[in-house]
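Only heavy atoms go into these numbers, but all of them, side chains included; no hydrogens, no water, no symmetry mates.
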Amino acid sequence: MSELAGIMGDAAQEFLASLSADQLQIAHWGFDQTAERETWFFTPTDHGGLPLSSMSQHQQKLAHKLLAVGLSESGYNVGSLIMGWENVLDRLEGNIRDWGRERGRDPGLYYWRIFGDPASGEPWSWRVGGHHASVNHVIVGDEVVGSTPLFLGADPARAPLLGDEEFAPLGPLEIPARHLMRSLREEQRAQALASLVPPTDIVSANRARYGDADLPIPLPLLWRGLLPEPWNTLAEEVQVANDDAAGVTPESLEAVRLTHEPRGLSLAQVDEEQEQLVRQLLDSYAGRLPGPLAELERSKYAGDLLGEHTFLWAGSVEPRERYYYRIQGPRLLVECDNTQRAGNHIHTVWRDPQRDFGRDPLREHLRSAHG
């Protein structure tokens, strides 16, 4: 892990060294800016930092070099596709959605920000975010101590290619979950199925800390401040239209409310084949990170630890229909929804209630360093 932390530090320093004084004011903040450091989004809003559109080509190359260090090869490939996927979404919407910007769907509006000095030996972190992407890493000493929240999404979730082929950037995070749900025995299914109606977004939303009693956050509140009119009204209308199309009710939302005591089917009750599907699914999430970090995430559900987690489902199990699922345990929360755009708009997130933004290791570091 120390080698990876060093590689991240080198890539961050190289990127920072390429920036002008004006760019540094935007891209390089103090590590003590905790509120901003723990702010993250997945909507097409200002994620905080220097956007690709404000970088030279050389700076863009170094920015992507840093991002590639923080993801596995496959994770970086998917992340890069998600950025370019904004062009696909723009065309799908008729090139008219702007959200108050010159171009609402813009591959240039992905933002890089570094907190702290990677060369100082003190804690530092970095973040890359934009529509449907949020990558966060925290480094203390020579260790990467936090790599969550990690969010990737895609709108559309799938799109046609030549030769009657179809491309789904996050398909591996859908298929095993659906197969698992279909494999459940009647008594298992009764525990796993929370509602026939899925929520229209992940329940933990973009909260810095998720907790007991959380429900999805309405779309107008998922931006860096309220949108000016008429776009705030548009966001409200989109939320209502999505909920109406999915059939959301107060009862269906209550069924997926987050609780400290995980809800759903205990994974201690699955058979061997079902366990393989769960592990395949979780491994695909963890595999978005580079090797050592992926192994750290896998250790949270290794062996018998898997039985400490639950699986919850809402919606249909049929392909191309709306659904939501989550896997929750002491050290991780996985959420996936594919409900908007008639089940063709996917959100996926991996979180850790103890180590999001490196919190527990940072607390221990501060206790040791300052007595």
>> Checking Arg257 against Glu254 for the salt bridge (charged side-chain N to carboxylate O under 4.0 Å, His left out) test, could you report, in this order, the C-alpha distance in whole Å, the side-chain angles of both residues, the deciding distance, and whether it holds?
In response: CA-CA 5 Å; Arg257 185 187 292 274; Glu254 186 61 38; 2.8 Å; yes
> Which value, rounded to the nearest 0.5 Å, describes the distance between His137 atom NE2 and Leu150 atom CG?
Replying inline: 7.0 Å
> Any side-chain heavy atom of Pro262 sitting closer than 4.5 Å to one from Thr259?
Replying inline: no
> Do the numbers put Arg37 on top of the ring of Phe31, so that NZ or CZ is under 6.0 Å from the six-membered ring centre and no more than 45° off the axis?
Replying inline: yes
>> For Glu229, I'd like to know if atom CD has over 12 heavy atoms of other residues, nucleotides or ligands within 6.0 Å.
In response: yes
> What do the steps show when you test Trp112 against His64 for ring-ring contact (aromatic ring centres under 6.0 Å, His included), and what is the final call?
Replying inline: CA-CA 10 Å; Trp112 271 248; His64 272 277; 5.7 Å; yes
>> Side chains of His131 and Leu89, heavy atoms from C-beta outward: is any pair under 4.5 Å?
In response: yes
> Looking at CG of Leu222 and CZ of Phe41, how far apart are the two atoms once the value is rounded to the nearest 0.5 Å?
Replying inline: 8.5 Å
>> Nearest 0.5 Å, please: how far is NE2 in His309 from CG in Leu332?
In response: 3.5 Å
>> Looking at Glu335 and Arg207, is any side-chain nitrogen of the basic one under 4.0 Å from a carboxylate oxygen of the acidic one?
In response: no
>> Is it the case that atom CD in Glu273 sees more than 12 heavy atoms from other parts of the structure closer than 6.0 Å?
In response: no
> Pick one: which of Val138, Asp117, Ile139, Val140 meets side-chain contact (heavy atoms from CB on, under 4.5 Å) with Trp124?
Replying inline: Ile139
>> Leu289 vs Trp350, test: side chain to side chain contact (heavy atoms under 4.5 Å, CB included). Steps then yes/no.
In response: CA-CA 11 Å; Leu289 291 167; Trp350 178 285; 5.8 Å; no
> Quick one: do the Gln269 and Gln191 side chains pair a donor with an acceptor below 3.5 Å?
Replying inline: yes
> Please walk me through it: do Glu165 and Arg158 pass salt bridge (charged side-chain N to carboxylate O under 4.0 Å, His left out)?
Replying inline: CA-CA 10 Å; Glu165 295 295 324; Arg158 55 189 179 273; over 6 Å; no
Side-chain atoms of residues 171-180: list all donor-acceptor pairs with protein atoms under 3.5 Å, sequence neighbours left out, distances to 0.1 Å.
residue, atom, partner, partner atom, Å
Glu174, OE2, Tyr323, OH, 2.7
Glu174, OE2, Asn338, ND2, 2.8
Arg178, NE, Val317, O, 3.3

>> Students often mix this up, so state it plainly: with edges at 30° and 60°, are the rings of Trp313 and Tyr325 parallel, tilted or perpendicular?
In response: parallel
> Got a salt bridge between Glu38 and Arg359, using NZ or NE/NH1/NH2 to carboxylate O under 4.0 Å?
Replying inline: yes
Could you tabulate the donor-acceptor pairs under 3.5 Å formed by side-chain atoms of residues 67-75, not counting sequence neighbours?
residue, atom, partner, partner atom, Å
Ser72, OG, Ser74, OG, 3.2
Ser72, OG, Gly75, N, 2.9
Ser72, OG, Gly287, O, 2.6
Ser72, OG, Arg288, O, 3.3

> Who are the side-chain hydrogen bond (donor to acceptor under 3.5 Å, both in side chains) partners of Asn77, not counting sequence neighbours?
Replying inline: none
> Which atom names give the shortest non-hydrogen contact between Ala119 and Gln13, and what distance separates them?
Replying inline: CB-OE1, 3.4 Å
> Between Glu86 and Gly104, which heavy-atom pair has the shortest distance, and what is it?
Replying inline: OE1-O, 4.4 Å
>> Check Glu295 with Arg298, please: is the shortest side-chain N to carboxylate O separation under 4.0 Å?
In response: yes
> Passes ring-ring contact (aromatic ring centres under 6.0 Å, His included), Phe42 versus His347? Steps please.
Replying inline: CA-CA 9 Å; Phe42 51 85; His347 294 162; 5.2 Å; yes
> Would a hydrophobic clustering, with Ile, Leu, Val, Met, Phe, Trp and Tyr connected at side-chain separations under 4.5 Å, put Leu265 with Val256?
Replying inline: no
> Is there side-chain contact between Arg105 and Leu92, with at least one heavy-atom pair below 4.5 Å?
Replying inline: no
>> Does any part of the side chain of Ser18, heavy atoms only, come nearer than 4.5 Å to the side chain of Met55, both counted from C-beta?
In response: no
>> Between Arg103 and Asp98, is the side chain to side chain contact (heavy atoms under 4.5 Å, CB included) condition met? List the steps.
In response: CA-CA 5 Å; Arg103 187 185 182 195; Asp98 59 28; over 6 Å; no
>> Tell me which one of Asp356, Asp352, Asn136 satisfies side-chain hydrogen bond (donor to acceptor under 3.5 Å, both in side chains) with Thr148.
In response: Asp356
> Do Leu312 and Leu253 belong to the same hydrophobic cluster, where Ile, Leu, Val, Met, Phe, Trp and Tyr are linked whenever their side-chain heavy atoms lie under 4.5 Å apart, directly or via other members?
Replying inline: no
>> For Asp244, is the CG atom crowded, meaning more than 12 foreign heavy atoms sit under 6.0 Å from it?
In response: yes
> side chain to side chain contact (heavy atoms under 4.5 Å, CB included) between Arg355 and Val145: does it pass, once the steps are laid out?
Replying inline: CA-CA 7 Å; Arg355 294 177 76 114; Val145 300; 3.8 Å; yes
> When you check the gap from the basic side-chain N to the acidic O, do Glu93 and Arg341 get nearer than 4.0 Å?
Replying inline: yes
> So which pairs with a foot in residues 22-31 pass side chain to side chain donor-acceptor pair (under 3.5 Å), sequence neighbours left out?
Replying inline: Ser20-Gln23, Gln23-Gln59
> Can you tell me how far the CG atom of Leu170 sits from the CD1 atom of Ile82, to the nearest 0.5 Å?
Replying inline: 5.0 Å
> Under 4.5 Å between any side-chain heavy atoms of Val349 and Trp40, yes or no?
Replying inline: yes
> Is there a chain of hydrophobic side chains (I, L, V, M, F, W, Y, each step under 4.5 Å between heavy atoms) that links Ile202 to Leu221?
Replying inline: yes
> About how many Å separate CH2 of Trp126 and CE of Met8, when rounded to the nearest 0.5 Å?
Replying inline: 5.5 Å
>> To check you understand the geometry: which heavy-atom pair defines the closest contact between Pro118 and Gly9, and what is its length?
In response: CB-O, 3.9 Å
>> Looking at Arg182, I'd like to know if its CZ atom is crowded, meaning that more than 12 non-hydrogen atoms belonging to other residues, nucleotides or ligands lie closer than 6.0 Å.
In response: yes
>> Is any side-chain heavy atom of Val203 closer than 4.5 Å to one of Tyr210?
In response: no
> Distance from Asn206 atom CG to His47 atom NE2, nearest 0.5 Å?
Replying inline: 9.0 Å
>> Can you give me the closest heavy-atom contact between Glu297 and Ala286, atom names plus distance?
In response: CB-CB, 4.0 Å
>> For Asp10, give me all partners under side-chain hydrogen bond (donor to acceptor under 3.5 Å, both in side chains), at least two apart in sequence or on another chain.
In response: none
> What heavy-atom pair brings Leu258 and Gly211 nearest, and what distance separates the two atoms?
Replying inline: CB-O, 3.8 Å
> Looking only at heavy atoms, which two atoms of Phe167 and Leu161 are closest? And how far apart?
Replying inline: CB-CD1, 3.5 Å
>> Test: side chain to side chain donor-acceptor pair (under 3.5 Å). Region: residues 215-225. Which pairs qualify, not counting sequence neighbours?
In response: Glu36-Arg224
>> Checking Asp142 against Glu3 for the side chain to side chain contact (heavy atoms under 4.5 Å, CB included) test, could you report, in this order, the C-alpha distance in whole Å, the side-chain angles of both residues, the deciding distance, and whether it holds?
In response: CA-CA 8 Å; Asp142 61 357; Glu3 180 181 2; over 6 Å; no
